[in-house]
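In what follows, a structure is listed as structure tokens, so that the remarks can point back to it.
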Amino acid sequence: MGFMHKQVFRAGLSLMLAFLLAFCSFCQPATALSEEQRLVSEAWRIVNRSYLDHTFNHQNWASVRRKALHKSFPDREEVYQTIGQMLASLNDPFTRFLNPAQYRSMIYNTSGELTGVGLQIALHPDTGELEVVAPIADSPADKAGIRSRDRILKIEGMSTKELTLDEAAARMRGPIGSVVTLLVERDGEEAQEISLVRDRIELNPVIAKLKSSPDGLPIGYIRLTQFNANASAELATAISSLENKGANAYILDLRNNPGGLLQAGIDVAREWLDSGTIVYTVNRQGILGSFDAFGPALTDDPLVVLVNKGTASASEILAGALQDNGRAQLVGETTFGKGLIQSLFELSDGSGMAVTIAKYETPNHRDINKLGIEPDEKIESKQISREQVGTPADVQYQAAVKLLSRELTIAGAA
């Protein structure tokens, strides 16, 4: 009987070992990912770890990975398409794949210079249309009269519905002196073709001048065009120069400023605030982070901030911080309403992804995504030329001047 038990045990053990060997040999190819599959898996893990929406647009994110890894990848372009399709399933126009050239361009752009037509663009979150956030000051697009909220229907005859955000941007960039034609549509007007000559886009983000009100008030006028790596240092230099020239009030012009680096927006806010919260960030766990001012401000002089439909992202962080802390009044139009924060991630082959990792709230916990920030004094803009910005023809600027004059008169009387 003992012998029988031993025989049965040995037979069972042999059968189990044979099964395990067969099972392991079957599993081995699935665990040994190819280089292409590893890149797909790398992109998937970044989103899985960092993406704001924990439901991943109400889908099984693990299932998305399995389906992606079952594909064959004859070349790297197939890998990129697969990653792009994974990200597209999130239905978030700000979360997107960047091939190596696009990734390098993105890093380059935030560093302070580029060549192209000078448009900041976005995909409308509801319609998916390619829309202008703002033209960059003095760029070919700005000089041609392209405005915030204009829709770009075609680039060189190709429908923008067939292009990703970064593909559209890439088609508008190019060598200095070359021409690109856009089909642009504006509310209430027929679409028109606009030919633009590409140029080097100067990204010095600060334009500063000492101006005077009708009653002789010396006003420091500062136009901040975007939040790149130079913004904070350039603004500090401008404020110091204007203080030395006798400015005793300021107008900060954030109109058509499409944003840029989150940290640059925070650093600029600190230059105006002695203390207080600048912005709250909220991740997918609902955990609040905050960035605060720790003073001293570079100036305590009265401040008015100009905003419009093209004031977006980091500009809205700054405007909201100054408004909620009582440091400035806002004049102009309701802002763009982009309250999501993206982070850039580089993949192992030099490509990358922009991924929405958090949303932000103003110091008073206002969520402005798709809503924007309401100004304290609403003044609709009128079409003016570049040369008329900050002049008597600029009705929003004139409203800011009057507001500062009243504020200083009241302060003087007190």
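Quick note: numbers below take in every heavy atom, side chains included, and nothing from hydrogens, waters or symmetry partners.
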Query raised in the report: For His365, what residues pass the ring pair (Phe, Tyr, Trp, His ring centres under 6.0 Å) criterion, not counting sequence neighbours?
Result: Tyr280

Counting N and O atoms only, with roles assigned by atom type, does the side chain of [X] sit under 3.5 Å from a partner on the main chain of [Y], one being a donor and the other an acceptor?
X      : Y      : answer
Glu316 : Lys338 : yes
Arg255 : Arg223 : no
Thr237 : Ala233 : yes
Asp367 : Glu361 : no
Asn244 : Ser241 : no
Asn57  : Ser89  : yes
Asp53  : Thr55  : yes

Requested in this report: Before giving the answer on side chain to side chain donor-acceptor pair (under 3.5 Å), spell out for Ser381 and Gln396 the whole-Å C-alpha distance, their side-chain angles and the decisive distance to 0.1 Å.
Outcome: CA-CA 7 Å; Ser381 63; Gln396 293 170 333; 4.6 Å; no

Query raised in the report: So among Asp142, Val197, Ile146, Val180, which one has a side chain to side chain contact (heavy atoms under 4.5 Å, CB included) with Val117?
Result: Val180

Query raised in the report: Can you tell which of Thr95, Ile46, Ile357 makes a side chain to side chain contact (heavy atoms under 4.5 Å, CB included) with Tyr51?
Result: Thr95

Query raised in the report: Is the shortest heavy-atom distance from the side chain of Ile317 to the side chain of Phe227 under 4.5 Å?
Result: no

Requested in this report: Under the side chain to side chain donor-acceptor pair (under 3.5 Å) rule, what do Ser290 and Thr277 come out as? Steps first, then yes or no, please.
Outcome: CA-CA 7 Å; Ser290 66; Thr277 297; 5.3 Å; no

Query raised in the report: If you measure from CG on Asp75 to CZ on Phe73, what distance do you get to the nearest 0.5 Å?
Result: 10.5 Å

Requested in this report: State the CD1-NZ distance between Ile368 and Lys370, to the nearest 0.5 angstrom.
Outcome: 12.0 Å

**Report entry** Chi angles and distances behind the side chain to side chain donor-acceptor pair (under 3.5 Å) call for Thr115, Arg200
**Finding:** CA-CA 4 Å; Thr115 61; Arg200 182 174 299 282; over 6 Å; no

Query - For Lys71, side-chain hydrogen bond (donor to acceptor under 3.5 Å, both in side chains) partners two or more places apart - result: Gln85

**Report entry** Closest approach of Gly352 to Tyr103 (non-hydrogen atoms, all atoms of both residues)
**Finding:** CA-CD1, 3.7 Å

Query raised in the report: Heavy-atom count around Lys211 NZ within 6.0 Å, excluding the residue itself: above 12?
Result: yes

